[in-house]
Colleague: 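Here it is, the structure, as structure tokens.
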Amino acid sequence: MIRDDIISLIQQAAHKAQAAGDLPMFGLPDFVVERPKNPEHGDYSTNVAMQSARLAKMAPVKIAEALINHFPPAQFIGKVELAHPGFVNFTLSDAWLAQQVAAIAAAPDSFGNSDTGQGRKAQVEFVSANPTGPLTIGHAWGAVLGDTIASLLTATGWDVTREYYFNNGGRQMRLLGESLRVRYLELLGQSNPIPQDGYQGDYLRWVAAALVAEHGDSLAEVNNDYFRKRAELSIFANIRATLARLGVDFDVYYNELDLYESGKINAAVQALSTSGYAYQKDGATWLRATDLGLKQDRVIIKSSGEPTYRMPDIAYHVDKLRRGFEYIVDIFGADHHATWPDVLAGVRALGYDTSAIQVIIHQFITLMREGQEVKMSTRRGEFVTIDTLLDELTTPSIPGRDVMRFTLLTRSADSSMIFDLDLAVKESSENPVYYVQYGHARICAILRKAATEGFPPDDYAGGDLSLLGHPAELRLLRKMMELPEVIADAAAQLAPQQLSHYAQGLASDFHAFYRDCQVVSTVPAERELTRARLRLVEAARIVLARALGLMGVTAPEQM
RNA sequence: GCCCCCGUAGCUCAGUGGAACAGAGCACUGGACUUCUAAUCCAAUGGUCGCAGGUUCGAGUCCUGCCGGGGGUGCCA
């Protein structure tokens, strides 16, 4: 991408200047090549001269001059300028920018991609909600973050597996089964209380009703384990359907019981014991986390003989590493932030390097309805499901998932956001996602219009790109050429919100172009300009569609 | 008590590999549709970047303390 090319040219310039004796010999320090906020400062800018001042024992301005004098010629650079107190500013070549339309059109499905992953295996684990109830708004954030991060990693050359892990062997699921059994018996006329800490949501009533319809009263004496499995199955079907509506598709669903049955948990416990990282106290088995740099030791097997959630999590992460993933991203809600250091410590105790594991903790979403905070609890059956939200956000032409995904993708994971339902529904007609989608639809309208005016694609494909040079055209082109850097940065920083902000900027530059430049003209003298602009517009459509596609948001042809 | 995240415009939020005048959307005000879709555009308004110190040639961005909000600190997950 352009930024990397400039970095390399700066290094070449420094070497040439040193060879010519215009700069003393010194190793280049860390420096940045960034996009200046002020357009007068060019398209890219570097602080290398100021960073080098101390090492070179020269004034920044003098260093900058030497670099500029020895700057190698490059087709894509239009101007290299010095600015006080020592910035070197680069401006892209207008002619080169115009020609990039061809490069974009040649790679409609891959423009902006790069290859830091080089085909290596990466895994993104997200959602991972236990099947005790429907998915809620908090899960939606994890889902959208994870899915988009996975897409970004794919775009940067990783072989990505999207994975959902869930606990189906512990106390929670036993309680779920008991709660379902109570609901079932309730429908048969037997009244029993929901167990302590059990699940009170209505959804178990629906599952119970299905059981009655299917089996009548024949399950009255059946044990809890049957109900547990049945609840898991039904709720998981619901979760999968919700994920499908959100446009999220997992490659692997991995569950805790498989870890037990395959002996992986026992093996991990054994290994921890023999290596001395586990010890017995008060009838329980503890992980010696204090030897691994943590503040306190943790129970991994309760005195009841049942492992705590940490043990399967440790075995699961070991399994991830053994499966050959070279980059692992875990996405959890803020309520899990205290648990993952223990889990990683356990993995390290088993002799594995955990440096490839990145943990993203997203903060909580406060849901507001009618000016009131909606407190949610799966156990109490008080929550607003993703399905409900999607229903409310859907409009005749645009699926609710677009609004939900885009909205969630405008915030950084660290921000504890407020999601005002009334506002989201009321303002959905002014949601920024429509602004971006409208840009795409507008382009499609232009292309349709062009076809009816005698400019089908195979005609304008031969348009002369050198005719592009209007300020609005160049501004749009510049923004289009930013996509590779946006994808690379968003992927490297695991910060998908950069995509939504980029998409808004791109749409904005397109709308401004639309205002300033008539694309389709039937005036004979403007025929060639029309053909060139149609190529530009088609390329802009490709870039817009790519940004939307990475976010999992649809790119409508009309609105 | 201790740990993590946050505190930027009336509201919701970007911006933290330090850098050249602090951004967007919404809301509010005034303009632009015989012209490829006005779900658009233009203009105006709006900020002591929580507070106080410190590091630096340069701090919204790094460090320390304080204040405020959220999350955690289980032999729950």
Side-chain angles (χ1 to χ4, degrees), chain A residues 30-32 34 36-38 40-41 45 47 50-51 53 60 83-87 89 128-130 132 166-167 170-173 175 197 281-286 295-296 298-310 312-313 333-339 341 361-364 366 395 397-398 407 410-420 423-424 426-427 429-439 441-450 452-453 489 492-493 495 497-498 500-501 504-505 507-508 510-512 514-521 530 533-534 537 558-559:
Chain A
D30 285 341
F31 63 93
V32 294
E34 59 177 3
K37 294 175 217 157
N38 185 339
E40 287 173 19
H41 298 143
S45 174
N47 62 353
M50 286 169 307
Q51 298 293 344
H84 287 279
F87 291 104
N89 296 334
S128 294
N130 294 337
T132 57
F166 59 100
N167 294 114
R171 175 169 170 270
Q172 305 291 330
M173 293 303 292
L175 282 165
D197 291 338
K281 192 180 95 181
D282 303 333
T285 305
W286 294 66
K295 287 254 167 75
Q296 48 185 315
R298 300 290 187 177
V299 171
I300 47 178
I301 298 176
K302 306 179 208 173
S303 49
S304 67
E306 196 176 33
T308 64
Y309 66 90
R310 293 187 187 93
D313 282 2
D335 52 337
H336 281 66
H337 100 261
T339 75
I361 303 290
H362 67 260
Q363 298 303 306
F364 274 22
T366 304
T395 70
S397 57
I398 304 291
T407 302
T410 57
R411 270 84 153 168
S412 85
D414 280 338
S415 153
S416 42
M417 71 163 88
I418 295 175
F419 196 100
D420 190 320
L423 225 57
K426 189 177 68 142
E427 290 180 356
S429 63
E430 284 122 35
N431 193 291
V433 70
Y434 298 129
Y435 180 84
V436 178
Q437 291 181 311
Y438 184 65
R442 226 177 195 181
I443 291 175
C444 292
I446 293 172
L447 297 175
R448 282 193 298 270
K449 167 84 174 173
T452 66
E453 297 288 345
D489 288 350
Q493 297 165 27
Q497 75 274 11
Q498 294 178 16
S500 67
H501 293 281
Q504 289 183 73
S508 173
F510 171 74
H511 288 308
Y514 177 89
R515 176 195 70 227
D516 292 341
C517 300
Q518 175 79 20
V519 177
V520 179
S521 168
T530 292
R533 283 185 171 163
L534 284 168
V537 157
Q558 49 189 320
M559 290 173 72

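Below, all heavy atoms of this structure are taken into account, side chains as well, without hydrogens, waters or symmetry copies. Labels below follow one simple rule: chain letters A, B, ... track the order of the sequence lines, proteins then strands, and each chain is numbered from 1.
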Colleague: Between B:A77, B:A20, B:U73, which nucleotide has the shortest distance from any of its atoms to the side chain of A:Ala338?
Modeller: B:U73
Colleague: For A:His501 and B:C13, what is the distance between atoms NE2 and P respectively, to the nearest whole Å?
Modeller: 12 Å
Colleague: Identify whether a stacking contact exists between A:His84 and B:A20, where the ring centres must be under 5.5 Å apart and the planes under 30° apart.
Modeller: no
Colleague: A side-chain contact here means heavy atoms from C-beta on lying under 4.5 Å apart; do A:Gln437 and A:Ile398 qualify?
Modeller: yes
Colleague: Does A:Thr407 reach the side chain of A:Val433, with side-chain heavy atoms less than 4.5 Å apart?
Modeller: no
Colleague: Are A:Arg442 and A:Tyr514 in a cation-pi contact, defined as NZ or CZ under 6.0 Å from the six-membered ring centre and within 45° of the axis?
Modeller: yes
Colleague: Kindly point out which of B:U40, B:A19, B:G25 is positioned nearest to the side chain of A:Met50?
Modeller: B:A19
Colleague: Syn or anti for B:C33, given that syn means the glycosidic angle lies within 90° of 0?
Modeller: syn
Colleague: Taking B:C49 as the reference, what is the distance to B:G15 when you measure between their C1' atoms (whole Å, please)?
Modeller: 11 Å
Colleague: Return the nearest nucleotide to the side chain of A:Gln296; candidates are B:U73, B:A20, B:C41.
Modeller: B:U73
Colleague: Assess whether one donor atom and one acceptor atom, taken from the side chain of A:His337 and the base of B:G71, lie less than 3.5 Å apart.
Modeller: yes
Colleague: Within the 4.0 Å heavy-atom criterion, would you say A:Asn130 contacts the bases, only the backbone, or no part of the nucleic acid?
Modeller: sugar-phosphate
Colleague: When you measure from the side chain of A:Arg442, which nucleotide among B:C75, B:A38, B:C36 comes out closest?
Modeller: B:A38
Colleague: B:G60 and B:C67: how far apart are their P atoms, nearest whole angstrom?
Modeller: 24 Å
Colleague: Mind checking the C1' distance from B:A32 to B:G68? Whole angstroms is fine.
Modeller: 45 Å
Colleague: Classify A:Asp282 by what it touches in the nucleic acid, base, sugar-phosphate, or nothing, heavy-atom distance under 4.0 Å.
Modeller: base
Colleague: Provide the distance between the two P atoms, one in B:A9 and one in B:G1, to the nearest whole Å.
Modeller: 29 Å
Colleague: Can you work out whether A:Thr410 or A:His336 has the more 5'-proximal nearest nucleotide on RNA chain B?
Modeller: A:Thr410
Colleague: Is the aromatic ring centre of A:Phe87 closer than 5.5 Å to the centre of the six-membered base ring of B:A20, with the two planes inclined by less than 30°?
Modeller: yes
Colleague: Among B:A20, B:A77, B:A14, which nucleotide has an atom closest to any side-chain atom of A:Lys37?
Modeller: B:A20
Colleague: Check whether any side-chain nitrogen or oxygen of A:Arg515 sits under 4.0 Å from OP1 or OP2 of B:U40, and answer yes or no.
Modeller: no
Colleague: Taking only the C1' atom of each, what is the distance from B:C11 to B:G54 in whole angstrom?
Modeller: 34 Å
Colleague: Select one nucleotide: of B:C36, B:A39, B:G71, the one nearest the side-chain heavy atoms of A:Gln518.
Modeller: B:C36
Colleague: What nucleotide, of B:G71, B:C76, B:A19, holds the atom closest to the side chain of A:Ala334?
Modeller: B:G71
Colleague: Side-chain contact test, heavy atoms from C-beta onward, threshold under 4.5 Å: evaluate it for A:Phe87 versus A:His41 and give yes or no.
Modeller: no
Colleague: For B:C75, does the base pair up with any side-chain atom of A:Ser303 as donor and acceptor (N or O, under 3.5 Å, distance only)?
Modeller: yes
Colleague: Between the side-chain atoms of A:Thr132 and the base atoms of B:A77, is any donor-acceptor pair under 3.5 Å?
Modeller: no
Colleague: Would you please confirm or rule out a distance under 4.0 Å between OP1 or OP2 of B:A38 and any side-chain N or O of A:Tyr514?
Modeller: yes
Colleague: The side chain of A:Lys295 lies closest to which of these nucleotides: B:G71, B:A14, B:C3?
Modeller: B:C3
Colleague: Return the nearest nucleotide to the side chain of A:Ser412; candidates are B:A20, B:A14, B:C41.
Modeller: B:A14
Colleague: Scan A:Asp516 against the nucleic acid and name what it touches under 4.0 Å (heavy atoms): base, sugar-phosphate only, or nothing.
Modeller: nothing
Colleague: How many Å lie between NE2 on A:His362 and P on B:C5, as a whole number?
Modeller: 16 Å
Colleague: Between B:C33 and B:C41, how far apart are the two C1' atoms, rounded to whole Å?
Modeller: 11 Å
Colleague: Quick one: label A:Thr339 by what it contacts on the DNA or RNA (base, sugar-phosphate, nothing), any heavy atom closer than 4.0 Å.
Modeller: base
Colleague: Rounded to whole angstrom, note down the P distance from B:G17 over to B:U55.
Modeller: 23 Å
Colleague: Looking only at the side chain of A:Lys302 (C-beta and beyond, no hydrogens), which of the listed nucleotides B:U40, B:C36, B:C75 gets closest?
Modeller: B:C75
Colleague: Looking at A:Asn38, I want to see if its CG is surrounded by more than 12 non-hydrogen atoms of other residues, nucleotides or ligands under 6.0 Å.
Modeller: yes
Colleague: Could you tell me the separation between the CD atom of A:Glu40 and the P atom of B:A20, rounded to a whole number of Å?
Modeller: 14 Å
Colleague: Which nucleotide, in any strand shown, forms a Watson-Crick or G-U wobble pair with B:A24, with both distances under 3.5 Å?
Modeller: B:U12
Colleague: Has the side chain of A:Asp414 got a donor or acceptor that lies under 3.5 Å from a partner of the other kind on the base of B:A14?
Modeller: no
Colleague: Taking the nucleotide of RNA chain B with the closest heavy atom to each, which residue, A:Asn47 or A:Phe364, is nearer the 5' end?
Modeller: A:Asn47
Colleague: Examine B:G15: is either OP1 or OP2 under 4.0 Å from a nitrogen or oxygen in the side chain of A:Gln497? Give yes or no.
Modeller: yes
Colleague: If you measure from the C1' atom in B:C57 to the same atom in B:U73, how many Å do you get, rounded?
Modeller: 44 Å
Colleague: Is there a donor N/O on one and an acceptor N/O on the other, under 3.5 Å, for the side chain of A:Asn167 and the base of B:A77?
Modeller: no
